[in-house]
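Here is the structure we will look at, set down as structure tokens.
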Amino acid sequence: MNLKVFLELVEIKAKTASIFPFLLGLLYSVYHFKQVNLISSLIFFIAMLLFNMAVDINDNYQDYKRAQRHHADEFRLKTNVIGVNHLSIKAVGRLMVSFVTISALLGIWLVSRSGWLLLILGIFCFAIGYLYAGGAKPLSALPLGEFFSGFTMGYMIFLITLYLNLAPQKSLSWLIVWQAFLPIGLLALAISALLLANNICDQKEDLALNRRTIVYYLGKRRALILFNLLYLLGFVSLVCAVWLNLLPKMSLLTLLVIPIIWHNLKAFNAKQVKKETFILAVKNLLALSLSCTVAVALGVLLHI
């Protein structure tokens, strides 16, 4: 397996979905609590990235196995990265297990440094990571995938990062837990929108693989309405976070990317083709994640 195939297998282009919530969690900790634990944050970043890659490997792995069971040879041999590149299914499985093992060991070490609450949060994330593509009824094949992807990769990464920077000096209160929804809302909803765009483009393939995503129940027209609504709710979440002083005022600079988001939304609403327009949802996530993180960082640095 060469580097190009490896990066495709772990879906490296989608890693902004986990990196930026982590960075935003660090900035939020500095802004509100004036606390940063660099060692714990660095170890968590490595563990998070490895587990995120393992989840994406598992997604491709399970899709390949499922295509075998349903005799969807065209998808298995012409679309799935494992079949297209003639990868050993056993080698892919071993790579996935090694990433999960290293991530789990790093997580256990972090639990010893920060407290038992991290163990509960970690077990939840590991469970969602496996159930997303694994099991008899994977979350990605149900109308729940969008919610769990945004909640886990957005909110949970943000919350765990915050917890690691506060522990053991300060514990998470329910107020902190609830307040954390608004600052990360824009990114979490953009992550959900990314998966929804993927499911809209894959509607026919999903039916062949017996996947009943939210697009199956809503239909393409209503799914597109929901796709647009997720971005609108994300911007509302950002404005509310600033209004409640959960984020610095400079965070509103993120609104400057609205014309870019709007342009991409119009193009995607006009045409939903995986190889042509799905990239627009990826660009939206990158634009929102980068602009929001930079704007919040400027607010933290300038105290504005």
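Not measured: the values here are computed from a predicted model.
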Distance-minimising heavy-atom pair for [X] and [Y]:
| X | Y | value |
| --- | --- | --- |
| Phe44 | Ile157 | CE2-O, 4.1 Å |
| Leu288 | Ala190 | CD1-CB, 3.9 Å |
| Ala180 | Pro183 | O-CD, 3.3 Å |
| Ser149 | Ser192 | OG-CA, 4.1 Å |
| Thr213 | Ser140 | CG2-O, 3.5 Å |

Could you tell me the separation between the [atom1] atom of [X] and the [atom2] atom of [Y], rounded to the nearest 0.5 Å?
| X | Y | atom1 | atom2 | answer |
| --- | --- | --- | --- | --- |
| Leu229 | Arg222 | CG | CZ | 14.0 Å |
| Leu3 | Ile12 | CG | CD1 | 9.0 Å |
| Leu121 | Ser114 | CG | OG | 9.0 Å |
| Leu186 | Ser289 | CG | OG | 7.5 Å |
| Met250 | Leu247 | CE | CG | 13.0 Å |
| Gln203 | Lys220 | CD | NZ | 5.0 Å |

Check this for me, if you would: do Arg211 and Asp202 make a salt bridge, where the nitrogen-to-carboxylate-oxygen distance has to be below 4.0 angstrom?
no

Measure from the side-chain N and O atoms of [X] to the backbone N and O of [Y], and report whether any donor-acceptor pair falls under 3.5 Å.
| X | Y | answer |
| --- | --- | --- |
| Thr293 | Leu290 | no |
| Asn2 | Lys4 | yes |
| Asn58 | Ala54 | no |

Applying salt bridge (charged side-chain N to carboxylate O under 4.0 Å, His left out), name anything that partners Glu276, two or more places apart in sequence or on another chain.
Lys271

Aromatic ring pairing Phe45/Phe22, orientation class (parallel under 30°, perpendicular over 60°, tilted between):
tilted

Does the plane of the ring in Tyr28 sit parallel, tilted or perpendicular to the ring in Phe158? Use 30° and 60° as the thresholds.
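It falls in the tilted class, 30° to 60°.
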
[X] versus [Y]: any side-chain heavy-atom pair under 4.5 Å?
| X | Y | result |
| --- | --- | --- |
| Asn52 | Ser103 | no |
| Phe51 | Phe126 | yes |
| Ser29 | Leu166 | yes |
| Ile160 | Met48 | no |
| Phe278 | Leu194 | yes |
| Pro248 | Val296 | yes |
| Arg221 | Leu224 | no |
| Leu226 | Ile214 | yes |

Output, in order, the C-alpha distance, side-chain angles, deciding distance and verdict of side-chain contact (heavy atoms from CB on, under 4.5 Å) for Leu118 and Arg113.
CA-CA 10 Å; Leu118 179 63; Arg113 285 176 56 89; over 6 Å; no

More than 12 heavy atoms of other residues, nucleotides or ligands under 6.0 Å from [atom1] of [X]: is that the case?
| X | atom1 | result |
| --- | --- | --- |
| Lys249 | NZ | no |
| Lys15 | NZ | yes |
| Trp109 | CH2 | yes |
| Ile39 | CD1 | no |

Per the side chain to side chain contact (heavy atoms under 4.5 Å, CB included) rule, which among Leu95, Val81, Val97 passes with Ile57?
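Among the candidates, only Leu95 passes.
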
Sequence neighbours excluded, every pair satisfying ring-ring contact (aromatic ring centres under 6.0 Å, His included) that has a member inside residues 213-238:
Phe227-Tyr231, Phe227-Phe268

Do [X] and [Y] belong together in a cluster built from hydrophobic side chains that touch within less than 4.5 Å?
| X | Y | value |
| --- | --- | --- |
| Ile304 | Leu301 | no |
| Val111 | Leu105 | no |
| Leu232 | Ile225 | no |
| Val177 | Leu175 | no |
| Phe99 | Ile123 | yes |

Set out, in order, the CA-CA distance, both residues' side-chain angles and the distance that settles side-chain contact (heavy atoms from CB on, under 4.5 Å) for Leu187 and Cys292, then state yes or no.
CA-CA 8 Å; Leu187 271 61; Cys292 184; 4.0 Å; yes

Looking only at side-chain N and O atoms, does Asn199 offer a donor or acceptor that is under 3.5 Å from a partner on Glu146?
yes

Would you check if there is a donor-acceptor pair between the side chains of Asn165 and Asn37 at a distance under 3.5 Å?
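Asn165 and Asn37 do not have a side-chain donor-acceptor pair below 3.5 Å.
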
Can you check side-chain contact (heavy atoms from CB on, under 4.5 Å) on Phe20 and Leu23, steps first, answer last?
CA-CA 5 Å; Phe20 284 104; Leu23 294 175; 4.1 Å; yes

How far apart are the C-alpha atoms of Ile19 and Leu49, what are their side-chain angles, what is the distance that settles it, and do they pass the side-chain contact (heavy atoms from CB on, under 4.5 Å) test?
CA-CA 8 Å; Ile19 292 174; Leu49 204 57; 4.3 Å; yes

List the atom pairs, with distances to 0.1 Å, where a side-chain N or O of residues 237-246 and a protein N or O form a donor-acceptor pair under 3.5 Å, not counting sequence neighbours.
residue : atom : partner : partner atom : Å
Ser237  : OG   : Leu182  : O            : 2.8
Asn245  : OD1  : Tyr31   : OH           : 3.0

